[in-house]
Amino acid sequence: MLRASLRADLALARRMAARLVHRGPDEEGSYLSSDGRCAIGFRRLCVIDPSGSHQPMTSADGLATVAFNGEIYNFRQLRAQLSAEGAPFRTAGDTEVLLHMYQRRGLDMFSHLTGMFALALYDAPAGRLILARDRLGEKPLWYATLADRIVFASEAKAVLAHPMVSKACSNQAIASYCTMGYVPAPNSIYRDLAKLPPASFLLAQDSSTPPTRYWEPARVEVPTSDNAAFEMVRSAVVQTVEQRLVSDVPLGVLLSGGIDSAIVTAVLARSAGSGGGVKTFTAAFDDPSFDESITAKRVASALGTDHTTIPIHCSPLDAIDRVVEMYDEPFGDSSALPTFLICQAARSKVTVALTGDGGDEVFGGYDRYRALQLASTMGFLPYAGVKLAAALLSPFGSKADRSLTRRLGRLAEAMSYPPSVQYFMFRRLFGPEDLLRLFSPQFAAGIDPDGPARWFCDLYESFDCPDEVAVAQCHDLATYLPDDLLVKTDIASMACSLELRAPLLDHNLVSLGLSLPTAWKIRHRKGKHILRQAFADWLPREVFTQPKRGFGVPLGRWLRNELRPVLEETLLDPSLDKAGIFDRQSLMGLLADHFSGRDDHGHRLWALLVFARWLAKQGG
């Protein structure tokens, strides 16, 4: 924390840090600046230079102090440059590199860093605090700007431990959550708390300034021939994976069975060579529509890894309450629970694990990208054919959310709108009209129900890209990835003290992926074409031919069977009525439609169930 005047409370900073022992079980540290204005409490997970790089770390001259969560993958190259400039080093890790980078590069330091990080750096002579976050948002940073101080931490629970930080909710943030299933940065569910956006830093001295963005993806020149492009992508992926192998503790891979994590595993296995010993972990589900463990096992066998299959058996009620407990604000992504369980099992063998996160966003893997491309290039006759087919099949097709009939219906409904609205319709849980029905009249009167949709579409239209697929990729990299997927993996992994690294989110690889023509991303009605071709001879063929599965839980079954009693009890509880947020009849209608099979509201109901149980945990 930083106080504008008087002394910061070091004991309080330590108590706040104690709320984050799961993020750093190996060491604790603290710092109080000589001027008394800055106090930092810290918990460390020791990965690089375990015995030497204690935090918070102060420079040898006592002028700068840093505390950071994450890893700087190019720290050895930076260290060599700094040493050549005369910088003396006392440790062997990446933390000290940050201090020298600041003292020699100033705020330009962030453009030189390759890694994932959230950091706080105090410049004692200037009395200035710098908060910064990595380019893609792999590591979180929460803060509260109060009248005479700024309070910050990696998770909201630590900031909320400060007695001056209110837990009062933002009604508009509730509308955003019900729209998207998460609250987009910089906002949070709490009125007093903000999230520092990715690729941004914030300066606080006598007062704080708005965050400054320090990075945008660059345009990369790509070859014109297929083979040269495939080689360029393969080389770039290999480099980013190998760069993320720096570790002084055991390291493995979360192998889902999909293309992205299989490629990461293949690169790691080749890098390990005949020595082998690569540890891989896969989740196994009872529901075959979610299970990729058989393919993952074949991949592991082909690559010669030390493989562990983790059966996912859990009580749905325990599952939802575990999610509510881990995440400090409502979080509607149902895959948070299996992510936590596989991380928990992996932590028994490794401290660091690589993932395939980012492959869909960077190389065009989502079905919704293909839907946008189809809608933007479709002539009148195909357009009319899709509309007619959707109308004819709707009464007879499956109502399951992921069924072909439902997906065709969503495409037919969205095609009449501009691309920004189309993409919103593909991504939303509840649209503006849905919110007006979902919320009580009193609650709806105090919010802007169009606000979340307007924010989404304005963001979409802010990107200058050659086609709709590239725009959608940029949109996902700006919000869905950092506000949903990376929040999910960071919280779920750090709850078990496991560090996850995502090689496919290297910022140079992201720039390359966004620069590729859409024909190299989507071809023959499949996404990630260039990844498939670049690594076709590295992996079993079935990795590239199997249908894409979402990493989640069987919501339809859970909400109609095991979770039905708690779903009804929670959403129809009188205490939720007293909160005055939802319209009871609307909730009853959603439940009736879902239970009868007239519609599949699984994702909507899960998000509402998470919110209601989170609200009850807050005391109303």
Side-chain angles (χ1 to χ4, degrees), residues 133 135-137 170-191 193-200 202 209-219 329-333 360-362 364 366 368-369 371-373 375-376 410-411 413-436 438-439 444-487 510-511 514 518 607:
R133 196 171 173 207
R135 292 175 180 86
L136 277 303
S170 160
N171 287 353
Q172 192 62 40
I174 293 174
S176 293
Y177 170 78
C178 290
T179 300
M180 303 306 304
Y182 60 85
V183 182
N187 300 313
S188 83
I189 200 70
Y190 304 100
R191 284 203 302 259
L193 268 67
K195 306 163 193 163
L196 187 66
S200 298
L202 178 149
T209 60
T212 299
R213 189 168 178 86
Y214 64 82
W215 176 80
E216 297 289 348
R219 185 72 186 172
E329 63 179 351
F331 187 69
D333 190 329
D360 287 312
E361 291 81 5
V362 176
Y366 289 123
R368 58 183 181 261
Y369 295 163
L372 274 176
Q373 183 199 37
S376 66
R410 283 195 292 269
L411 175 61
E413 180 188 10
M415 285 192 311
S416 304
Y417 295 91
S420 62
V421 180
Q422 289 180 31
Y423 203 54
F424 174 69
M425 294 172 74
F426 295 153
R427 289 284 301 113
R428 71 186 179 189
L429 289 176
F430 294 94
E433 293 183 358
D434 300 321
L435 293 181
L436 289 174
L438 177 68
F439 292 140
I447 64 166
D448 176 6
D450 294 313
R454 187 170 56 251
W455 159 80
F456 187 101
C457 294
D458 287 349
L459 179 62
Y460 185 98
E461 292 167 1
S462 71
F463 297 109
D464 181 16
C465 298
D467 56 53
E468 300 307 327
V469 172
V471 175
Q473 287 178 272
C474 288
H475 195 286
D476 282 347
L477 287 164
T479 177
Y480 176 59
L481 182 82
D483 294 328
D484 185 319
L485 299 186
L486 294 178
V487 171
V510 169
S511 291
L514 292 178
T518 295

**Student:** Would you say the side-chain atoms of Glu329 pair up with the backbone N or O of Tyr190, donor to acceptor, closer than 3.5 Å?
**Tutor:**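 Judged by distance alone, no pair lies under 3.5 Å.
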
**Student:** Describe, in one word, how the ring planes of Phe456 and Tyr423 are oriented to each other, choosing from parallel (under 30°), tilted (30 to 60°) and perpendicular (over 60°).
**Tutor:**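 Phe456 vs Tyr423 ring planes: tilted.
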
**Student:** Hey, are Tyr369 and Thr518 close enough side-chain-wise for a donor-acceptor pair under 3.5 Å?
**Tutor:** no

**Student:** Once the angle between the rings of Tyr480 and Tyr366 is folded into 0 to 90°, is it parallel (under 30°), tilted (30 to 60°) or perpendicular (over 60°)?
**Tutor:**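 Rings of Tyr480 and Tyr366: perpendicular, over 60°.
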
**Student:** Say you draw a straight line from CD1 of Ile174 to CG of Leu435; how long is it, rounded to the nearest 0.5 Å?
**Tutor:** 11.5 Å

**Student:** Can you tell me if Lys195 uses its side chain to pair, donor with acceptor, with the backbone of Asp483 under 3.5 Å?
**Tutor:**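 Pair absent, no side-chain N/O of Lys195 close to backbone of Asp483.
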
**Student:** Quick one: CD on Glu361 to CG on Leu514, what's the gap to the nearest 0.5 Å?
**Tutor:**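 The CG atom of Leu514 is 10.5 Å from CD of Glu361, to the nearest 0.5 Å.
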
**Student:** Spell out, as yes or no, whether a donor-acceptor pair under 3.5 Å connects the side chain of Arg213 to the backbone of Trp215.
**Tutor:**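 The answer is yes, because a donor-acceptor pair under 3.5 Å joins these two groups.
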
**Student:** Out of curiosity, Phe463 CZ to Leu477 CG, how far, rounded to the nearest 0.5 Å?
**Tutor:**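 Answer for the CZ-CG pair, Phe463 versus Leu477, is 8.0 Å.
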
**Student:** Any chance you could measure Leu459, atom CG, to Arg454, atom CZ, to the nearest 0.5 Å?
**Tutor:** 13.5 Å

**Student:** So, does Ser511 use its side chain to make a donor-acceptor pair with the main chain of Ala218 at under 3.5 Å?
**Tutor:** yes

**Student:** Looking at Asp458, I'd like to know if its CG atom is crowded, meaning that more than 12 non-hydrogen atoms belonging to other residues, nucleotides or ligands lie closer than 6.0 Å.
**Tutor:**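 More than 12 heavy atoms, drawn from other residues, nucleotides or ligands, come within 6.0 Å of this atom.
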
**Student:** Can a salt bridge be assigned to the pair Arg427 and Asp484 using a cut-off of 4.0 Å between side-chain N and carboxylate O?
**Tutor:**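 The answer is no: the pair does not qualify as a salt bridge.
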
**Student:** First locate atom CZ of Arg368, then atom CG of Leu372, and finally report the distance between them rounded to the nearest 0.5 Å.
**Tutor:** 9.0 Å

**Student:** How many angstroms lie between atom SG of Cys178 and atom CG of Asp434, to the nearest 0.5 angstrom?
**Tutor:**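 Between atom SG of Cys178 and atom CG of Asp434 there are 10.5 Å.
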
**Student:** Kindly write out the residues that satisfy side-chain contact (heavy atoms from CB on, under 4.5 Å) with Ser176, not counting sequence neighbours, or none if the list is empty.
**Tutor:** Pro184, Pro452

**Student:** Check whether any side-chain N or O of Thr479 sits under 3.5 Å from a backbone N or O of Asp476 as a donor-acceptor pair, and report yes or no.
**Tutor:** no

